[in-house]
Amino acid sequence: MPERIAHGRKPDAPPSQEDAFVAGALRLWRWLQENLRSAILITGALAMLVGGILYYRGYQATVRARAAAELSQIRALADGTEPAALTSQLEGFIERFGGTVSEAEARLVLARLYIDGGRSPDAIRVLEGVTLPVDVPLGFGARTLLTIAYEQNAEPERALALFQDIGSSARYPFQRRQASAGAARILTDLGRIEEAVAIFARIAEEADDPSEAGLYRIRLGELRGRLTESSGS
């Protein structure tokens, strides 16, 4: 008589998902039994890491809020504060809140004070500490002030290079045109009038606003007149 087939899965049948899960669970249990101390240490380390990250984020948010509030207070009292005292407050603020957006804002305010006071080297030092890109408002403002400080410090070549960089990297077309016009002005002062003419001709064509384009064309006509006079003399 043929042998009865035993109930259940045949010995050579592939394991089911349930069997695989059970086998995996047993392996994990054996590993935990053999490595209980390591598992506890790993779990504790992970918990400390997650807690540290959450604490750091909360701390940074608190610092940013404090920086914004203190800078607002400094600005509110600026009109009634002597320039020397205001300068000292802003320098201290920059030291305490380095790396925040408010620190970059404080650098622009402080640099303006230094420029107005004829202290261009100090303005350059402060503004060169702003690392934000030129395509964000604070980065654009810092670089624009820096061109003024370079010119005040009798460094036209550095101002020219920075104007050229802004003219190619600024976010908005009108910002790029303004920077290019600044570069053309410096080129004119350096006697490189033909280069300035080429710049004014280009930005006059690019300008959408008729009044803006008109100003560039007026300057372009003046420079072309100078070229004609120099070539005729």
Quiz prompt | E195 atom CD, neighbour heavy-atom count above 12 within 6.0 Å | solution = yes
Exercise. Look at R177 together with E206 and state whether they make a salt bridge at an N to O cut-off of under 4.0 Å.
Key: no
Quiz item: Would you find a donor on one side and an acceptor on the other, under 3.5 Å apart, between the side chain of Q152 and the backbone of I148?
Solution: no
Exercise. Kindly write out the residues that satisfy ring-ring contact (aromatic ring centres under 6.0 Å, His included) with Y216, not counting sequence neighbours, or none if the list is empty.
Key: none
Exercise. Can you sort out the partners of E155 under side-chain hydrogen bond (donor to acceptor under 3.5 Å, both in side chains), two or more places apart, ordered by chain and number?
Key: N153, R158
Self-check item: Donor-acceptor pair, side chain of E151 and main chain of A159, under 3.5 angstrom
Solution: no
Quiz item: Partners of R219 by side-chain hydrogen bond (donor to acceptor under 3.5 Å, both in side chains), sequence neighbours excluded?
Solution: E222
Practice problem: Kindly check if the number of other-residue, nucleotide or ligand heavy atoms within 6.0 Å of CZ (R171) is above 12? | Solution: no
Practice problem: Determine whether more than 12 heavy atoms belonging to other residues, nucleotides or ligands lie under 6.0 Å from atom CD of E91. | Solution: yes
Exercise. With L110 as reference, evaluate L127, T87, L86 under the side-chain contact (heavy atoms from CB on, under 4.5 Å) test and give the passing residue.
Key: T87
Quiz prompt | T144 and Q178, any side-chain heavy atoms less than 4.5 Å apart | solution = no
Quiz item: Of all residues at least two apart in sequence or in a different chain, which pass the side-chain hydrogen bond (donor to acceptor under 3.5 Å, both in side chains) check with T131?
Solution: none
Self-check item: Counterpart residues, ring-ring contact (aromatic ring centres under 6.0 Å, His included), relative to F140 (two or more places apart)
Solution: none
Exercise. Kindly assign one of parallel, tilted or perpendicular to the pair F97 and F93, based on the angle between their ring planes and the thresholds 30° and 60°.
Key: tilted
Quiz item: Under the salt bridge (Lys or Arg N to Asp or Glu O under 4.0 Å) test, which residues partner R119, sequence neighbours left out?
Solution: D122
